[in-house]
Amino acid sequence: MSSLSKNLPSDPSSNIKINGKFLLIICISLIATSGVFSINPIVPNIATAFNISPQNIGLIMTSFLLPPTVGSLFFGALADRFGIKKILIPSLIIFGIGGILCALANNFRSLLEWRFLTGIGAASLESLELTLISDLYNGKMLTSAMGVNGAMIGVAATVYPLIGGALASFSWRYPFLLSVLAFPLALLIATKLKLPTQQKNTQHLNLKSYLKNTWENINNPQVFGLLFTVFCMFIIELGACYIYIPVYASNFLGASGTDIGILLSCESIAFALVASQLGLLARWFSEKSLIVSGFVICVLSLLIIPTIHNVWLLIIPCIIFGVSQALALPPLQSMLAAIAPEGYRAGFMALNVTVQSLGRALGPLFGGVTFAAWGIQGVFYANAALALITVVVFSFLLTKRSLKSSNA
């Protein structure tokens, strides 16, 4: 484990220590999420500007999310080999440059190309941020820290859509310029964040053996169950919530861009409030119980949405959805971090982010297929069915692991 954790409390029941290092680490994910949350409300504006059909507009998100899907594990291996800062700082710079180029795009194709470049910059950010948090805390404190991190992301997810919508009132190009915040963060990390330059037991590791050892570490039912759950969660989040709730609100209930921003902000506020209390909830309930509860609540929110015919009543399922995400996501990340072997933690968490990004990339596609087959209601019912399947698979695989351990 990193030397960052030496002076931190080890009592699982104690409160986490929030210091300058922890805040800098949180800022990494806040920068990365700006590429999604500030852009979601302006998707209709971009479609209008470039005359893009609803079936193809999801490519704005897919092009950004593909690089993390493909590259997170590779960057995680490099971080374990060469040190986190040597990967993190260039990634932030690329992210900032990509956002500027997106703002200057003169056609939809070039916008997608620069979004892809921005995604390359974002590819390592979330996994390295989760790795650093995993180095700082352990046990219930790790779950609490993940909850605080999730709460801050929830706050960002509340603010970013409002900022993005406000900037888009002048031009759809302006929200992309939020990426320039990556430049001062890169400078602060370079000068203020003190980290080991290299993991001791991976100094001479080559990529082939690294990937082989990583595979050996994840090749068990518990890890597969966690990764499958993460994958399905992000299919539902981006497809049902961030793409098709705005489509339903706009096309079927007559909501404006500002209305949609408010709806998404309500979801994010609920997420932030509940995630901030996970340290307390983790003392009463196991991580597994929190995850299952989160998915059951998610099913409820998805089943409610098609029954609503007033745009402001959509606030109710949006809040419920935010609660469900807060109950499930931080405990999932905590469980994955807890079983990540030392020396392979960056790569292990990168695999987690790869699965997240794959889910996010496929979410709009899954939504598009179900929309074409069954209409807008079918999108939410299909995602509800996926959530139920996820609960069954998750419970089975973790129970299987527990039984295997007890028999051993």
Side-chain angles (χ1 to χ4, degrees), residues 26 29-30 33-45 61 147-169 175 178 233-278 281 290 293-330 360 363-364 367 376-377 379-381 383-384 387:
I26 287 176
S29 62
L30 298 186
T33 54
S34 70
V36 174
F37 294 129
S38 66
I39 306 304
N40 281 325
I42 69 168
V43 166
N45 304 62
M61 292 302 169
V148 172
N149 179 57
M152 294 305 296
I153 294 175
V155 171
T158 302
V159 174
Y160 278 141
L162 300 177
I163 295 176
L167 292 174
S169 65
L178 291 172
M233 169 176 285
F234 283 90
I235 285 181
I236 296 168
E237 180 193 60
L238 200 71
C241 181
Y242 289 116
I243 297 296
Y244 281 94
I245 284 181
V247 168
Y248 182 63
S250 176
N251 295 355
F252 294 87
L253 303 181
S256 66
T258 302
D259 297 338
I260 293 171
I262 293 172
L263 290 173
L264 296 180
S265 295
C266 289
E267 186 271 337
S268 301
I269 291 170
F271 179 94
L273 291 175
V274 176
S276 68
Q277 301 303 310
L278 273 181
L281 293 174
L290 292 171
S293 299
F295 271 87
V296 172
I297 295 172
C298 176
V299 172
L300 175 63
S301 69
L302 292 168
L303 293 177
I304 291 174
I305 292 171
T307 68
I308 290 176
H309 304 290
N310 180 290
V311 64
W312 295 115
L313 289 179
L314 278 177
I315 289 176
I316 296 172
C318 284
I319 290 175
I320 297 173
F321 189 87
V323 171
S324 74
Q325 295 294 94
L327 289 175
L329 181 56
R360 283 172 173 153
I376 192 67
Q377 292 183 336
V379 174
F380 301 111
Y381 292 146
N383 277 276

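Note that the structure is predicted; figures quoted are calculated from it, not measured. The first residue in the sequence is number 1, and the count goes up from there.
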How many angstroms lie between atom [atom1] of [X] and atom [atom2] of [Y], to the nearest 0.5 angstrom?
{"X": "Leu30", "Y": "Leu178", "atom1": "CG", "atom2": "CG", "result": "12.5 Å"}
{"X": "Leu327", "Y": "Leu281", "atom1": "CG", "atom2": "CG", "result": "7.0 Å"}
{"X": "Met233", "Y": "Phe295", "atom1": "CE", "atom2": "CZ", "result": "4.0 Å"}
{"X": "Ile305", "Y": "Ile245", "atom1": "CD1", "atom2": "CD1", "result": "3.5 Å"}
{"X": "Ile320", "Y": "Ile315", "atom1": "CD1", "atom2": "CD1", "result": "12.0 Å"}
{"X": "Leu264", "Y": "Cys241", "atom1": "CG", "atom2": "SG", "result": "6.0 Å"}

Atom of [X], atom of [Y] and distance for their closest heavy-atom approach:
{"X": "Pro175", "Y": "Ser38", "value": "CB-O, 3.9 Å"}
{"X": "Ala384", "Y": "Leu302", "value": "N-CD1, 3.5 Å"}
{"X": "Cys298", "Y": "Ala387", "value": "SG-CB, 4.5 Å"}
{"X": "Gly164", "Y": "Ile42", "value": "O-CG2, 3.6 Å"}
{"X": "Arg360", "Y": "Leu238", "value": "O-CD2, 3.0 Å"}

Practice task
Name all residues meeting the side chain to side chain contact (heavy atoms under 4.5 Å, CB included) criterion together with Ala326; count only those two or more places apart in sequence or in a different chain, and write none if there are none.
Solution key: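 For Ala326 the side chain to side chain contact (heavy atoms under 4.5 Å, CB included) partners, ignoring immediate neighbours, are Phe271, Val274, Ala275.
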Exercise for the section: Name all residues meeting the side chain to side chain contact (heavy atoms under 4.5 Å, CB included) criterion together with Ala270; count only those two or more places apart in sequence or in a different chain, and write none if there are none. Expected result: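 Checked Ala270 against side chain to side chain contact (heavy atoms under 4.5 Å, CB included); matches are Ile319, Val323.
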Exercise for the section: Could you check Leu329 against Phe234 for side-chain contact (heavy atoms from CB on, under 4.5 Å), going step by step and ending with a plain yes or no? Expected result: CA-CA 10 Å; Leu329 181 56; Phe234 283 90; 3.8 Å; yes
Answer whether the closest heavy-atom distance between the side chains of [X] and [Y] falls below 4.5 Å.
{"X": "Leu303", "Y": "Tyr381", "answer": "yes"}
{"X": "Val247", "Y": "Val379", "answer": "no"}
{"X": "Phe37", "Y": "Ile163", "answer": "no"}
{"X": "Tyr244", "Y": "Asn383", "answer": "no"}
{"X": "Ile376", "Y": "Pro306", "answer": "no"}

Problem - Those residues that, when tested against Tyr160, pass side chain to side chain donor-acceptor pair (under 3.5 Å) (two or more places apart) - result: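 Residues passing side chain to side chain donor-acceptor pair (under 3.5 Å) with Tyr160: none at all.
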Exercise for the section: Start with the C-alpha gap between Phe380 and Ile304, add the side-chain angles, then the distance that decides, and say whether side-chain contact (heavy atoms from CB on, under 4.5 Å) holds. Expected result: CA-CA 9 Å; Phe380 301 111; Ile304 291 174; over 6 Å; no
Per-pair distances, 0.1 Å, donor-acceptor, side chain in residues 147-157, under 3.5 Å, sequence neighbours excluded:
| unit_1 | atom_1 | unit_2 | atom_2 | d |
| --- | --- | --- | --- | --- |
| Asn149 | OD1 | Ser29 | OG | 3.4 |
| Asn149 | ND2 | Glu129 | OE2 | 2.8 |

Practice task
For side-chain contact (heavy atoms from CB on, under 4.5 Å), just list the numbers for Leu314 and Asp259, CA-CA rounded to whole Å, side-chain angles, deciding distance to a tenth of an Å, and then say yes or no.
Solution key: CA-CA 10 Å; Leu314 278 177; Asp259 297 338; over 6 Å; no
Exercise for the section: Could you name each residue pair satisfying side-chain hydrogen bond (donor to acceptor under 3.5 Å, both in side chains) that touches residues 301-323, not counting sequence neighbours? Expected result: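 Those involving residues 301-323 do not exist here.
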Exercise for the section: Among residues two or more places apart or on two chains, list those pairs meeting side-chain hydrogen bond (donor to acceptor under 3.5 Å, both in side chains) that have a residue in residues 263-276. Expected result: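 As it turns out, the side-chain hydrogen bond (donor to acceptor under 3.5 Å, both in side chains) pairs with a partner in residues 263-276, which skip direct neighbours, are Tyr242-Glu267.
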